[in-house]
Amino acid sequence: MTQKVQGIGASAGIAIGKAFVLPTWEWDVHAQPYILVAKELSPSQLVHLNPKNVLGIVMLQGGKTSHSAIMARALGIPLVLGLEGKISKPIQTGDTVIVDGEYGIVHIAPPQDVISCYEVRRDAYVQEADELQKIVSLPAVTLDDFNVQLGANISSTRELNIADQNGAEGVGLFRTEFMYMDRSYPPSEAEQFTVYLEAAEHCKEKSVIIRTLDVGGDKPMDYLNLPEEDNPFLGYRAIRICLDRQDLFKTQLRAILRASAHGPIMVMFPMITSVNEVQAAKSILEDAKAELREEGLPFNEELPVGIMIEVPAAAMIADQLAKEVDFFSIGTNDLVQYTLAVDRMNEQIAHMYDPFHPAVLRLIRYTVQAAKQAGIMVGVCGEMAGDPRAVPIWLALGVNKLSMSSRSIPRVKAAVRRSTVEQCKRIAQSVFESGTKEEIEILLEQQRS
Ligand code: PEP
Ligand code: MG
């Protein structure tokens, strides 16, 4: 039975192929490329996929900024999610499926004319990507000479080449937790050192921001015996675990410090909500430094220390936090969910997950102003940084460091290169005066045309 279902487009691109429906895993060893269909995929399941075999993914549950969606984007696999309850007859293994990751549409057993139509769109998409490739080696500079550094968000050093191919200037967010997943004990200091060193050496003089372990939420880890929680995103997560489990934390900090002797590494703490947490984290960092000094192991004494601003509480005390650190990186994925009380994983309220909500924009503006007043660096590393519609906001606020999924870089670069700061300031002024999502979307869409 032919079906057309509207879901959420979470990774752009068009895929046409035969479905394989979980929980049958064996096909991944077959050479035949397929469209993967699953109720939900965890980030660690995605780590094991061979991207060459997966044309597209259909996930019944999940949100656009879930870590699985972020990984699919990093791998360039078209993804539609949030179809739960919308499909009248379940997709069967072997069904022909079209995944339209841009508009969030899935066609099941479509007629030949629909397939032909999508084949044309798929080719056009590939052609557009080829066009964008022409600017990857050019700088991200506005028409009036404002330079923006576009870094890559990576989850493993395997992604460094994809970052290069898309013109990334260093790594603006290394999500280290994936190194800890799918195993029965945490990675040793030596193992981590090798990985961080590889990133530092690969990026040469370009910076690599290593974020310390951010588990919990949608990234569980069996061997840490994390408790079952009703609200995992509001629970035992990230820096909260690290300040509790100092053995785990210090091992990571030692590895980061040792790698800092070999390249421009920076360290960043996630999920900060108070000045006390930053001071506690820095104090453990100092302990790690003291140990290394004693052992005669080299490290960068001036290792820059930053924090993620991803909880509204942190944004509201950004002026105080700025006194403690060298840089901020605004994590819009969590900032949006916590500000709007909208679970980033919940497809039922996905339409309410709005990075351009005036409350989010005000918190971002306040954070940037506090950083600038304190004279520290500020960048953005949530998925919003990879949305070309947000470019006028960053340029108007004077944010010159953005980090995103590598594949978003060329599109954002193109948007920067056709803008002027003056014009962006005018757009942003109207945006900040607008009270509704609709008004803001119209303003931001207009500047793209
Ligand atoms: C964020 O919250 O914006 C962020 C970059 O961190 P993560 O998506 O890994 O939670
Ligand atoms: Mg986050």
Side-chain angles (χ1 to χ4, degrees), residues 10-11 42-44 46-47 62-74 150-156 159 168 171-181 208-221 231-242 266-273 277 306-315 318 327-346 353-357 360-361 363-364 367-368 378-387 390 393-394 399 401-406 408-409 412:
S11 175
S42 68
S44 57
L46 274 173
V47 165
K64 206 169 172 169
T65 57
S66 65
H67 287 94
S68 300
I70 289 170
M71 289 185 77
R73 274 197 288 285
L150 304 182
N153 292 353
I154 63 165
S155 304
S156 86
E159 291 172 45
V171 172
L173 169 64
F174 188 166
R175 290 185 167 98
T176 56
E177 48 278 3
F178 293 95
M179 203 187 335
Y180 290 69
M181 288 178 162
V208 179
I209 300 182
I210 301 183
R211 180 177 73 182
T212 57
L213 186 60
D214 183 4
V215 274
D218 64 335
K219 292 173 287 190
M221 208 155 289
N231 292 305
F233 273 110
L234 296 180
Y236 197 49
R237 242 196 101 175
I239 198 73
R240 300 170 182 184
I241 298 178
C242 287
M266 308 190 196
V267 66
M268 173 160 79
F269 305 128
M271 269 292 279
I272 292 293
T273 57
E277 279 172 338
I307 54 171
M308 292 200 61
I309 301 290
E310 52 184 345
V311 181
F327 67 94
F328 287 160
S329 187
I330 303 175
T332 53
N333 302 340
D334 279 315
L335 188 62
V336 172
Q337 80 164 340
Y338 295 131
T339 305
L340 305 180
V342 174
D343 181 350
R344 65 195 263 195
M345 303 287 291
N346 187 337
Y353 184 93
D354 176 21
F356 297 102
H357 189 291
V360 176
L361 296 179
L363 287 172
I364 290 173
T367 304
V368 174
V378 57
V380 182
C381 67
E383 291 300 294
M384 189 179 175
D387 184 340
I393 310 226
W394 315 134
V399 173
K401 283 186 194 311
L402 301 174
S403 190
M404 62 200 75
S405 169
S406 294
S408 302
I409 292 176
V412 171

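Numbering of ligands and ligand atoms starts at 1, following listing order.
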From CA spacing to verdict: side chain to side chain donor-acceptor pair (under 3.5 Å), N153, S405: CA-CA 5 Å; N153 292 353; S405 169; over 6 Å; no
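Residue M384 places no heavy atom under 4.0 Å from ligand 1.
Here the side chains of L335 and L363 are in contact, with some heavy-atom distance below 4.5 Å.
Residue-ligand proximity, R175 to ligand 1, at heavy-atom distances under 4.0 Å covers atoms 4 (C), 5 (C), 6 (O), 7 (P), 8 (O), 9 (O). Within the listing of ligand 1, atoms 5 (C) sit less than 4.0 angstrom from a heavy atom of L173. When each atom of ligand 1 is checked for a heavy atom of R237 under 4.0 Å away, the hits are 10 (O). For ligand 1, the atoms sitting less than 4.0 Å from at least one non-hydrogen atom of C381 are 5 (C), numbered in the order shown with element in parentheses.
When non-hydrogen atoms are compared, ligand 1 lies under 4.0 Å from the side chain of H67 (C-beta onward) but not from its backbone. With a 4.0 Å cut-off on non-hydrogen atoms, M404 does not touch ligand 1 at all. With a heavy-atom cut-off of 4.0 Å, M271 does not touch ligand 1 at all.
Side chain of S403 to backbone of G172: a donor-acceptor contact under 3.5 angstrom is found. Of the possible polar contacts, none joining the N333 side chain to the G382 backbone as a donor-acceptor pair under 3.5 Å is found. Q337 places a side-chain N or O within donor-acceptor distance of the main-chain N or O of R344, the cut-off being under 3.5 Å. Within the 3.5 Å criterion, the main-chain N or O of G62 finds no donor-acceptor partner in the side chain of S66. Not a single donor-acceptor pair under 3.5 Å links the side chain of Y338 to the backbone N or O of L234. Between the side chain of E177 and the backbone N or O of D214 there is at least one donor-acceptor pair closer than 3.5 Å. A donor-acceptor pair is defined here as one N or O able to donate and one able to accept, closer than 3.5 Å; no such pair exists between the side chain of T273 and the backbone of A313.
Shortest distance from the Mg ion (ligand 2) to E310 is reached at OE1 (N/O/S atoms only).
Any N or O atom pair closer than 3.5 Å counts here, and D334 shares at least one such pair with ligand 1. In terms of N/O distances under 3.5 Å, ligand 1 is approached by R344.
When only non-hydrogen protein atoms are considered, atom 6 (O) of ligand 1 lies nearest to R211 NH1, 2.9 Å.
Comparing heavy-atom distances from atom 1 (C) of ligand 1 across I309, I330, N333, T65 singles out N333 as nearest.
Coordination check, D334 versus the Mg ion (ligand 2): passed, since an N/O/S atom of the residue sits under 2.8 Å.
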